[in-house]
Undergrad: 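Quick one: the structure is below, questions incoming.
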Amino acid sequence: MAAPFKIYNTRTRKLEDFEPIEAGKIRLYACGNTVYDHCHIGHARGMILFDSFVRYLRHRGWDVDFVRNFTDVDDKIINRANELGEDPLALSARFIDEYHADATAMGLETPTQEPKVSESMDDIQGMIASLIEKGNAYQNEGSVWFDVGSFSEYGSLSGQKVDELRSADEASGKRSPADFALWKAVKPGEPAWPSPWGEGRPGWHIECSAMAKATLGDTIDIHGGGLDLVFPHHENEVAQSVCGNKADYARVWMHHGLLTMASGQKMGKSFGNVINVKVALEAFPAETLRLYYLQNQYRSPLPWGDEALSEALGMLSRLYEAREVAEAMKGEEPAENVAKSMGKDAQTVLDLGESFSERFYAAMDQDFNTALAIAHLMELSRAINRFGNLKKANKRGGPVVAAALKAFSLAADSMGLMRMTTEEFHAQVKEKRLAAMGIDPADVEKLIEDRGTARAEKNWDRADEIRKELEAKSIMVMDQADGVQWRVKL
RNA sequence: GGUGCCAUGGCCAAGUGGUAAGGCAAUGGUCUGCAAAACCAUGUAUCCCCGGUUCAAAUCCGGGUGGCACCUCCA
């Protein structure tokens with residue numbers, strides 16, 4: 001029932017046929033955010049990508065158990081909380097709420113489970129105890145360290161060799177520089193939980209091993225996250241889980257590329273160029289972000305820029321308008337008859353529409369080639385518009401575009417695109433783009449009205465003058481058969 | 001120093017060995033009072049360079065050059 005697909009596995013650096021542990025089921029774990037601040041557009045890339053992948057897989061018949069965690073106990077959270085004079089757990093709880101608000105605004109589906117570190121202490125401690133018992137970890141002064149030397153396969157995911165690593169971390173108490181913390185002994189002013197090794201809190205990596213095991217079992221199908229997590233985070237997870245569970249950990253490792261700034265600069269606090277999701281969504285409809293991310297290969301680095309986003313918005317607009325054109329078409333005759341009598345453009349729409357899902361699936365099943373899938377959508381849109389230019393298309397074209405219309409709902413169901421009505425879309429564009437440019441919609445409406453008056457009087461000079469005035473504000477006026485409309489230039 | 005990724009027309013970008021999707025920009029056109037949207041037409045692309053494998057390579061292999069990422073908190 002579930003459709004086969006190929007997926008690139010970081011572990012083997014190869015494209016592989018996906019083989020589930022259990023037929024028809026996918027256990028997917030994605031590393032979530034450390035919640036000490038608002039989501040930024042880099043987080044958004046991972047969030048949207050995995051949302052789209054999960055939607056697609058479910059659409060194709062897979063039973064996807066999707067777990068995405070929250071890291072709510074962490075150095076960065078404690079530091080931030082101290083700066084603000086806030087309780088660390090209160091701070092992380094606050095940003096979990098903000099995360100959910102951003103996720104909703106971006107149209108994300110809720111994962112099957114969203115475990116938190118603060119609520120997984122038993123699982124975490126159980127795993128640490130197991131690692132100590134098996135001889136893979138040791139205690140020292142209230143902390144517990146993973147003994148990297150005890151795991152011969154260490155480095156197999158990232159290709160790192162222990163001896164070659166630069167060890168900047170010279171924390172005391174470790175036997176070897178490559179060893180990493182499983183449990184950190186409490187320090188003054190930090191949140192702590194009781195444990196067999198003394199008061200303290202978990203290290204960064206153990207949480208994911210423990211939460212993945214608790215929610216999905218010893219061996220999971222796909223483990224995902226940003227490319228920057230491959231080492232050390234995921235490498236360490238492998239070590240912990242393989243040693244602790246005596247089982248394979250993740251069959252497939254799926255890593256998405258990171259966002260870069262158009263300037264070539266990295267996005268980071270120290271550069272002062274972090275853009276929060278909320279800010280981006282003030283200027284662009286959420287689907288713009290989604291289309292932008294989906295238009296690019298998920299493993300490649302992606303440069304962020306207003307111009308690129310505007311392009312994506314333009315594409316989105318064409319998709320919505322093509323769908324609107326198709327939806328407006330009526331007719332009762334069999335599609336083949338209409339196509340035959342209306343010529344090549346009709347036949348093209350019919351053919352592209354009927355073959356769409358096959359081509360769409362072929363693209364997506366090849367390691368989620370969303371860029372190609374969207375290209376198919378654009379091609380179809382052009383065919384619809386071309387056909388729509390024909391005189392009788394409105395009256396008779398309905399049956400011809402019926403299959404094509406399904407393509408748009410396919411995009412909605414399986415990628416999360418095209419989920420608004422055309423009216424909602426245009427309303428959002430106006431609202432957000434005008435706000436971004438600091439233009440009051442009422443001023444625009446007033447000018448449109450004045451121009452209407454001038455046109456009624458055939459005062460073309462005045463009408464054109466107003467058009468120019470509006471153009472200066474990036475407003476396009478469209479005189480159409482059914483009235484005057486205006487759009488924001490994208 | 002170690003590890004890995006990438007290099008495709010003016011720009012962005014897909015490409016699963018069989019002679020290159022899609023988008024943006026540009027020019028001309030259809031439509032329009034003028035426009036816009038949409039559509040049509042227009043791009044001889046050394047697929048970074050040099051070798052190799054193959055009947056056939058953007059795609060595979062080797063070497064080179066140039067970017068980037070990770071090895072330190074980072075999605």
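Keep in mind the model is a prediction, meaning the values are calculated, not measured. The sequence lines fix the lettering, A, B, ..., with proteins before strands; numbering per chain opens at 1.
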Undergrad: Would you find a donor on one side and an acceptor on the other, under 3.5 Å apart, between the side chain of A:Arg290 and the backbone of A:Gly107?
TA: yes
Undergrad: Might you work through the ring pair (Phe, Tyr, Trp, His ring centres under 6.0 Å) test for A:Tyr29 and A:His223, ending with a clear yes or no?
TA: CA-CA 5 Å; A:Tyr29 185 96; A:His223 191 126; 5.0 Å; yes
Undergrad: Just how far, in rounded Å, is P of B:C39 from CG of A:Leu380?
TA: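 Taking atom P of B:C39 as the reference, CG of A:Leu380 is at 12 Å.
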Undergrad: Summarise how protein sits on nucleotides 4-9 of chain B as a single string, 5' to 3': B when a protein heavy atom is under 4.0 Å from the base, S for sugar-phosphate-only contact, - for no contact.
TA: SS----
Undergrad: Atom CG of A:Leu302 and atom C1' of B:A14: how far apart are they, to the nearest Å?
TA: 14 Å
Undergrad: Round to a whole Å and report the spacing from CG of A:Leu258 to P of B:C73.
TA: 16 Å
Undergrad: Is the centre of the A:Tyr99 ring less than 6.0 Å from the centre of the A:Phe70 ring?
TA: yes
Undergrad: Taking only residues two or more places apart in sequence or in another chain, which ones pass ring pair (Phe, Tyr, Trp, His ring centres under 6.0 Å) with A:His426?
TA: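 For A:His426, no residue satisfies ring pair (Phe, Tyr, Trp, His ring centres under 6.0 Å) once neighbours in sequence are set aside.
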Undergrad: With A:Arg455, which of A:Asp464, A:Asp479, A:Asp450 fulfils salt bridge (charged side-chain N to carboxylate O under 4.0 Å, His left out)?
TA: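 Considering A:Asp464, A:Asp479, A:Asp450, a salt bridge (charged side-chain N to carboxylate O under 4.0 Å, His left out) with A:Arg455 is found only for A:Asp479.
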Undergrad: Picking from A:Thr12, A:Ile222, A:Leu157, what satisfies side chain to side chain contact (heavy atoms under 4.5 Å, CB included) with A:Trp253?
TA: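 Among A:Thr12, A:Ile222, A:Leu157, the one that satisfies the side chain to side chain contact (heavy atoms under 4.5 Å, CB included) with A:Trp253 is A:Leu157.
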Undergrad: Round to the nearest Å and state the distance from A:Leu259 atom CG to B:A75 atom P.
TA: 13 Å
Undergrad: Can you tell me which stems RNA chain B forms when a stem means 3 or more consecutive Watson-Crick or G-U pairs under 3.5 Å?
TA: B:1-7 with B:65-71, B:10-12 with B:22-24, B:26-30 with B:38-42, B:48-52 with B:60-64
Undergrad: Applying ring-ring contact (aromatic ring centres under 6.0 Å, His included) between A:Phe180 and each of A:Trp145, A:Phe146, A:Phe151, A:Phe231, report the one that passes.
TA: A:Phe146
Undergrad: Looking at A:Asp17 and A:Lys6, would you say the former's side chain and the latter's main chain have a donor-acceptor pair under 3.5 Å?
TA: no
Undergrad: Using a cut-off of strictly less than 4.0 Å between a heavy atom of the residue and any atom of RNA chain B, enumerate the qualifying residues of residues 445-461 of chain A by number.
TA: A:Arg451, A:Arg455, A:Trp460
Undergrad: Name the nucleic acid region contacted by A:Asp464, choosing base, sugar-phosphate or nothing; use a 4.0 angstrom heavy-atom cut-off, strictly under.
TA: base
Undergrad: A:Val230 near the nucleic acid: base, sugar-phosphate alone, or nothing, with a heavy-atom cut-off under 4.0 Å?
TA: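 Touches nothing.
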Undergrad: Salt bridge between A:Arg60 and A:Asp365, side-chain N to carboxylate O under 4.0 Å?
TA: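 Yes, charged N to carboxylate O under 4.0 Å.
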Undergrad: Tell me if the centroids of the rings in A:His256 and A:Tyr298 come within less than 6.0 Å of each other.
TA: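 Not under 6.0 Å, so no.
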Undergrad: Can you give one letter per nucleotide of nucleotides 17-27 of chain B, 5' to 3': B if a protein heavy atom sits under 4.0 Å from the base, S if only from the sugar-phosphate, - if neither?
TA: ----BSBS---
Undergrad: Determine the interatomic distance between C1' on B:G51 and the same-named atom on B:A13; round to the nearest Å.
TA: 29 Å
Undergrad: Roughly how many Å apart are B:C6 and B:G17, using the P atom of each and rounding to a whole number?
TA: 15 Å
Undergrad: Sticking with atom P, work out how far B:G15 lies from B:A21, rounded to a whole angstrom.
TA: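 Looking at atom P only, B:G15 and B:A21 are 14 Å apart.
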Undergrad: According to the ring-ring contact (aromatic ring centres under 6.0 Å, His included) rule, which pairs have a member within residues 310-329 of chain A, sequence neighbours left out?
TA: A:Tyr320-A:Phe425
Undergrad: Need one value for A:Arg386: base, sugar-phosphate or nothing, where a base atom within 4.0 Å counts as base even if backbone is also close, heavy atoms only.
TA: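 Sugar-phosphate contact only.
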Undergrad: Atom OH of A:Tyr36 and atom P of B:C73: how far apart are they, to the nearest Å?
TA: 12 Å
Undergrad: Expressed in angstrom and rounded to an integer, what is the separation of A:Asn9 atom CG from B:U16 atom P?
TA: 17 Å
Undergrad: Would you check if the distance from the ring center of A:His255 to the ring center of A:His234 is below 6.0 Å?
TA: yes
Undergrad: Answer yes or no for A:Lys430 and A:Trp486: cation-pi contact, defined as NZ/CZ to six-membered ring centre under 6.0 Å and angle to ring axis within 45°.
TA: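 A:Lys430 over A:Trp486 ring: yes.
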